[in-house]
Each structure stands twice: as C-alpha cells, then as structure tokens.
Amino acid sequence: MKNTEVIMIGLGYIGLPTAALIAEGGTHVHGVDINQQVVDTINRGEIHIVEPSLGNSVANAVKNGFLKASTTPVEGNTYLIVVPTPFKDKNEPDISFVEAATKAVIPLLKEGDLYIIESTSPVGTTDKMKDLIYEERPELKNKLYLAYCPERVLPGNVMHELVHNDRVIGGIDERSTEKAIKFYSKYVKGQLHPTNARTAEMCKLVENSSRDVQIAFANELSLICDKADINVWELITLANKHPRVNILQPGSGVGGHCIAVDPYFLVSDYPMESKIISTARQVNNYKSFWCAEKVQNTKLKFELDHGRKAKIALMGLAFKPDIDDLRESPAKYIAQRVLQNANNEEYYIVEPNIKEHNVFKLTDYKSAYEKADIVVFLVAHKEFKTLSKEPDKILLDFSGVFK
Ligand SMILES: NC(=O)c1ccc[n+]([C@@H]2O[C@H](COP(=O)([O-])OP(=O)(O)OC[C@H]3O[C@@H](n4cnc5c(N)ncnc54)[C@H](O)[C@@H]3O)[C@@H](O)[C@H]2O)c1
C-alpha cells in the first residue's frame with residue numbers, strides 16, 4: 001500500500017476500531033495481527049468481533065483502499081501497539097505481547113517516527129520499550145518520538161467514545177508528548193491531556209482500580225443485604241438519594257480484559273501499598289463464587305421441596321450486558337462451576353450475543369426462560385429485560401434484570 005502512515009499492531013476490540021476510524025478519516029492504515037483468520041476477515045471488509053457500526057467503518061475503509069491487514073508489519077510513520085496485556089500465574093502482568101510487537105517494528109523504524117503504546121501496561125513499560133528499541137537501533141537515540149496513550153472506551157460504544165472521550169497522553173519527553181498529541185488531535189474531539197509516560201501508564205491502572213473498588217463496595221453490600229433480607233437494589237437507590245453518595249450496582253462479579261485485570265498490575269508492583277485495591281479484587285472474585293454456591297443451594301432446596309430435579313436457566317455468559325466478550329467473565333465462571341456440580345438437573349445456557357460456543361450448548365433466551373424452574377440472571381442483557389416476571393419461577397437475579 002502506498003503512503004502508509006499508520007501501522008496498527010493488534011486488530012482486536014481496540015486496535016481494529018481505532019484503525020478503521022483513522023482510515024475512514026483518509027489516512028492509510030496498515031493493520032497487523034498474528035492471527036491469519038483476523039487478517040483475512042478484515043481484508044474481505046468484514047469484522048470478527050461484535051461492535052456497533054464497526055462493520056460499516058471497516059467495510060468502507062477497506063473498499064476505499066485506506067485499510068489493509070497482514071500478519072507482519074510494513075514501514076510507516078506512526079506505530080501503534082494495541083496488543084493484549086494479560087496476567088500470568090500469580091497475577092503478574094505479562095508484557096511479552098508488547099515486547100514481541102515492539103521487536104517486530106524495530107527494524108522498520110526511522111528518524112522522526114512516532115511509536116505509541118495503547119495497551120494497558122504496568123508503570124515503566126514505555127521506558128522499557130525505549131531501552132529495547134535503542135539497544136537494537138542506537139543510531140536512532142533521541143530521533144524517535146515515544147509515547148504512551150491508554151484507551152478508555154466502553155465496549156458497545158467504542159466508535160463514539162474513540163472520538164469523544166478525553167485522552168491522557170504521556171511521552172518519554174516533552175517533544176514526544178507534543179508529537180503524540182498532534183497525531184491524536186486529527187481524529188479525537190475529546191480533550192487531549194499532556195503528561196509523562198509513567199503518569200499516563202499509572203492513570204489507566206488507577207481508573208480501572210477505582211471502578212473495581214467501587215463495584216466491590218456494591219457487591220459487598222449485596223452479600224450483606226442477602227443475609228439481612230433487604231433488597232439491595234432498593235437500598236442503593238435510596239442511599240443514592242443522599243446528595244454526596246453514589247453507590248454503583250452489584251453484579252455477579254467483575255470481568256473483562258480491563259477492570260478484572262488491571263488492578264493486579266498495581267498490586268503486583270506495589271503489594272504493600274495497594275491494600276484496598278487488592279481486597280476489592282478478592283471481594284469481586286468472591287461474589288462470583290458466592291453466586292455459584294447460591295445456585296447450588298437453591299437447586300438442592302428445589303429438589304427437597306418438589307421431589308424432582310430442577311430445570312435451570314443460566315442467563316448470560318458475557319462479562320457485561322449487550323456484548324459478546326467472554327474474557328474473564330464472572331458469568332462464564334459461574335456457569336462452569338454450576339455445571340461442574342450438575343447432578344442430572346436440566347440446564348439451559350443462554351448467551352444471545354453469540355451464535356455458538358465450543359463448551360456450552362446454547363439455548364434461545366425465551367425458550368430457556370419458559371422451560372426453567374430456576375432462572376439465574378448472570379448478566380443484565382437487554383433481551384432479558386423484555387421478559388415478564390413470573391411468580392411460579394425461582395429467580396436468582398444477580399445482575400438486577402428485574403430490579
Ligand atoms: N477491550 C477493551 O475494552 C479495552 C479497553 C481499554 C484498554 N484495553 C487494552 O487494550 C489492549 C488490547 O486489548 P483488546 O481488547 O483490543 O485485545 P484483543 O485480544 O481483542 O486484541 C488484540 C489482538 O492483538 C493480536 N496480537 C497479539 N500479539 C500480537 C503481535 N505480536 N503482533 C500483532 N498482533 C498481535 C491478537 O491476535 C489480537 O487479535 C490491552 O492491553 C487491553 O488491556 C482494552
């Protein structure tokens with residue numbers, strides 16, 4: 001592709017929408033992904049993930065020749081690293097994908113190029129990548145622009161938020177920050193806040209840890225209320241009438257690639273200091289375990305009361321409402337745990353956002369609801385909210401579908 005300017009490394013939930021957005025704005029983008037299937041799908045103008053209006057953007061960008069993909073990088077002017085940063089055993093961050101992606105672009109770098117990490121990363125990662133780059137290309141020292149810019153989008157609303165959210169942009173020096181801000185200002189309408197790379201890295205981790213801690217508070221309340229026989233949804237609504245109280249909603253745990261993962265990056269590097277953050281992770285994980293136990297106890301009680309095995313609908317597998325993403329999903333964890341304890345009950349597993357699953361046999365949400373004696377709402381998908389409450393069913397509404 002001629003005049004390729006932006007090389008996007010990693011074409012997943014964040015990289016692909018970002019690539020499509022930049023390409024639709026008239027910049028030539030070359031997307032890179034190690035997954036051949038992903039590359040082939042995109043080159044056909046199609047997408048491999050569920051995200052509203054992404055399909056049209058990719059189709060347009062590919063049709064107009066502004067977006068192309070391959071499994072290896074080509075030369076450009078700006079390199080964006082948007083690969084996964086999961087955690088390893090013992091909840092330590094794994095930056096090997098960022099390292100691999102960086103190593104792949106090092107031979108292509110030239111004076112004046114801009115290199116930006118968007119992957120959520122432990123503090124100090126941009127500095128580490130700087131050292132890696134200059135070790136292999138010492139002649140480029142101080143001739144590149146290196147920055148970190150975290151992504152804050154909400155899955156399901158990514159195409160809007162990519163444009164309208166504020167962004168925090170931290171370079172390894174001021175000239176890198178300025179260069180990166182200039183780059184993002186071409187397609188971001190939100191404010192661009194300059195800082196240094198370490199603060200930008202920390203900012204992302206703190207944002208998600210803050211959410212995790214607040215959700216843990218709501219989840220803890222749900223456990224207390226269950227014991228106290230108080231409706232937690234009503235309680236929170238009432239408490240939030242206080243002008244300075246804003247409690248979040250409880251759920252079946254916390255999942256996804258971000259909130260359930262990023263706090264560990266802080267806990268791992270600052271174990272003595274991050275006590276609340278660490279406890280919040282434990283509370284949110286415990287909530288999922290508790291939900292699975294609740295299903296187990298409810299089904300045993302049903303058996304005693306009715307003299308027969310229960311039919312159980314497990315509603316939702318995604319990590320949050322109205323998406324197809326099952327990564328670190330508490331709902332999936334609960335479903336797995338419940339099925340491990342299965343003892344001839346009939347189960348209907350429901351996830352309206354995916355067509356099939358390699359482990360779970362999926363059932364349509366309406367027929368599952370109709371047939372089940374016990375309905376377990378693990379995720380508050382919009383489809384479930386159209387169901388009417390039936391008094392003869394036992395409802396375990398962990399996600400507030402009927403709140
Ligand atoms: N998904 C979100 O909502 C979200 C929000 C904010 C930040 N983030 C962060 O953004 C980063 C990317 O997340 P995502 O959700 O897009 O992940 P993803 O798994 O959906 O996509 C990552 C892609 O990178 C590819 N990949 C892996 N190694 C590669 C390499 N060396 N070269 C080229 N491609 C490679 C994978 O095949 C995959 O398609 C992560 O650090 C994540 O924490 C994600």
Side-chain angles (χ1 to χ4, degrees), residues 6-21 29-43 47-52 54 58 69-74 76 79-88 93-108 115-123 125-126 129 132 148-162 165-168 200-201 203-209 211-212 254-266 318-329:
V6 174
I7 313 300
M8 178 70 63
I9 316 284
L11 296 169
Y13 284 90
I14 300 298
L16 182 58
T18 309
L21 182 77
V29 179
H30 192 99
V32 180
D33 203 290
I34 47 173
N35 185 332
Q36 183 72 53
Q37 251 180 322
V38 168
V39 166
D40 294 342
T41 307
I42 293 165
N43 283 334
I47 59 173
H48 60 293
I49 49 180
V50 172
E51 183 57 48
L54 176 63
V58 170
S70 70
T71 52
T72 47
V74 298
Y79 296 84
L80 286 168
I81 310 293
V82 198
V83 294
T85 39
F87 53 66
K88 300 183 273 196
D94 176 4
I95 61 164
S96 62
F97 295 89
V98 174
E99 272 167 359
T102 303
K103 281 183 183 160
V105 304
I106 287 177
L108 302 167
Y115 161 100
I116 303 171
I117 303 175
E118 285 200 4
S119 297
T120 303
S121 302
V123 175
T125 303
T126 313
M129 294 308 113
L132 193 69
Y148 181 78
C149 178
E151 189 48 72
R152 302 169 146 164
V153 290
L154 180 74
N157 196 28
V158 171
M159 298 311 282
H160 175 84
E161 294 204 359
L162 272 178
N165 285 357
D166 283 15
R167 295 192 79 130
V168 171
E201 288 162 346
C203 192
K204 173 69 188 174
L205 303 181
V206 163
E207 287 162 16
N208 281 341
S209 299
R211 299 276 299 157
D212 200 43
V254 169
H257 198 351
C258 292
I259 300 181
V261 176
D262 303 351
Y264 287 126
F265 291 17
L266 285 177
F319 82 81
K320 55 179 257 175
D322 307 325
I323 59 164
D324 68 333
D325 194 342
L326 270 49
R327 289 176 295 180
E328 313 297 329
S329 169

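Counting starts at 1 for both ligands and their atoms, following the listed order.
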- Do any nitrogen or oxygen atoms of Lys204 lie less than 3.5 angstrom from nitrogen or oxygen atoms of ligand 1? no
- Task: Taking the side chain as every heavy atom from C-beta outward, state whether Ile81 and Tyr115 have any atom pair closer than 4.5 Å.
- Result: yes
- Item | Which of the ligand 1 atoms, numbered from 1, are nearer than 4.0 Å to a heavy atom of Val32 | 33 (C), 34 (N)
- Query: Only one of Ser121, Ser209, Pro93 forms a side chain to side chain contact (heavy atoms under 4.5 Å, CB included) with Phe265, so which one is it?
  - Reply: Pro93
- Query: Between Thr125 and Glu201, does any side-chain donor sit less than 3.5 Å from a side-chain acceptor?
  - Reply: no
- Measure the distances from the heavy atoms of Val38 to every atom of ligand 1 and state whether one is below 4.0 angstrom. no
- Task: For residues Asp262 and Asn208, report the shortest heavy-atom separation together with the two atoms involved.
- Result: OD2-ND2, 2.5 Å
- Message: So which atom in Val82 and which in Met8 form the shortest heavy-atom distance, rounded to 0.1 Å?
- Response: CG2-SD, 3.5 Å
- Does Tyr148 use its side chain to pair, donor to acceptor, with the backbone of Ser119 at less than 3.5 Å? yes
- Item | Under 4.0 Å to a heavy atom of Pro155 - the qualifying atoms of ligand 1, by number | 3 (O)
- Query: Between Leu11 and His48, which heavy-atom pair has the shortest distance, and what is it?
  - Reply: O-CE1, 3.0 Å
- Atom indices of ligand 1 within 4.0 angstrom of Ile14 heavy atoms, with elements: 1 (N), 2 (C), 3 (O), 4 (C), 5 (C), 8 (N), 10 (O), 16 (O), 44 (C)
- Task: Evaluate salt bridge (Lys or Arg N to Asp or Glu O under 4.0 Å) for Arg152 paired with Glu161, printing each intermediate quantity in order.
- Result: CA-CA 8 Å; Arg152 302 169 146 164; Glu161 294 204 359; over 6 Å; no
- Query: Taking both backbone and side-chain atoms of Asp33, is any N or O found less than 3.5 Å from an N or O belonging to ligand 1?
  - Reply: yes
- Closest non-hydrogen atoms of Ile9 and Val105, given as atom of the first, atom of the second and distance, are CD1-CG1, 3.6 Å
- Enumerated ligand 1 atoms positioned under 4.0 Å from heavy atoms of Pro84: 19 (O), 22 (C), 24 (O), 27 (C)
- Task: Pick one of side chain, backbone, both or neither for how Ser119 approaches ligand 1, counting any non-hydrogen atom pair under 4.0 Å.
- Result: both
- Message: Pairs of nitrogen or oxygen atoms closer than 3.5 Å, one from Thr120 and one from ligand 1: do any exist?
- Response: yes
- Query: If hydrogens are left out, which of Pro86, Pro150, Gly12, Cys258 has an atom nearest to atom 5 (C) of ligand 1, that is, the closest non-hydrogen atom?
  - Reply: Cys258
- Glu151 and Lys204 ion-paired at < 4.0 Å: no
- Query: Taking only heavy atoms of Ile9, which atoms of ligand 1 are found under 4.0 Å from at least one of them?
  - Reply: 32 (N), 33 (C)
- Can you list the ligand 1 atoms lying under 4.0 Å from a non-hydrogen atom of Val82? 12 (C), 22 (C)
- Message: Is the contact between Ser121 and ligand 1 made by the side chain, the backbone, both, or neither, using heavy atoms and a 4.0 Å cut-off?
- Response: neither
- Give the residue, atom name and distance (to 0.1 Å) of the protein heavy atom nearest atom 24 (O) of ligand 1. Gly10 CA, 3.4 Å
- Task: Identify the heavy atoms of Met159 and Pro17 that sit nearest to each other, and give their distance.
- Result: SD-CB, 3.6 Å
- Message: Give me the residue, atom name and distance of the protein heavy atom closest to atom 30 (C) of ligand 1.
- Response: Ile34 CG2, 3.7 Å
- Does Arg152, backbone or side chain, put an N or O under 3.5 Å from an N or O of ligand 1? no
- Query: At a 4.0 Å threshold, what atoms of ligand 1 neighbour a non-hydrogen atom of Arg327?
  - Reply: 1 (N), 15 (O), 17 (O), 18 (P), 19 (O), 20 (O)
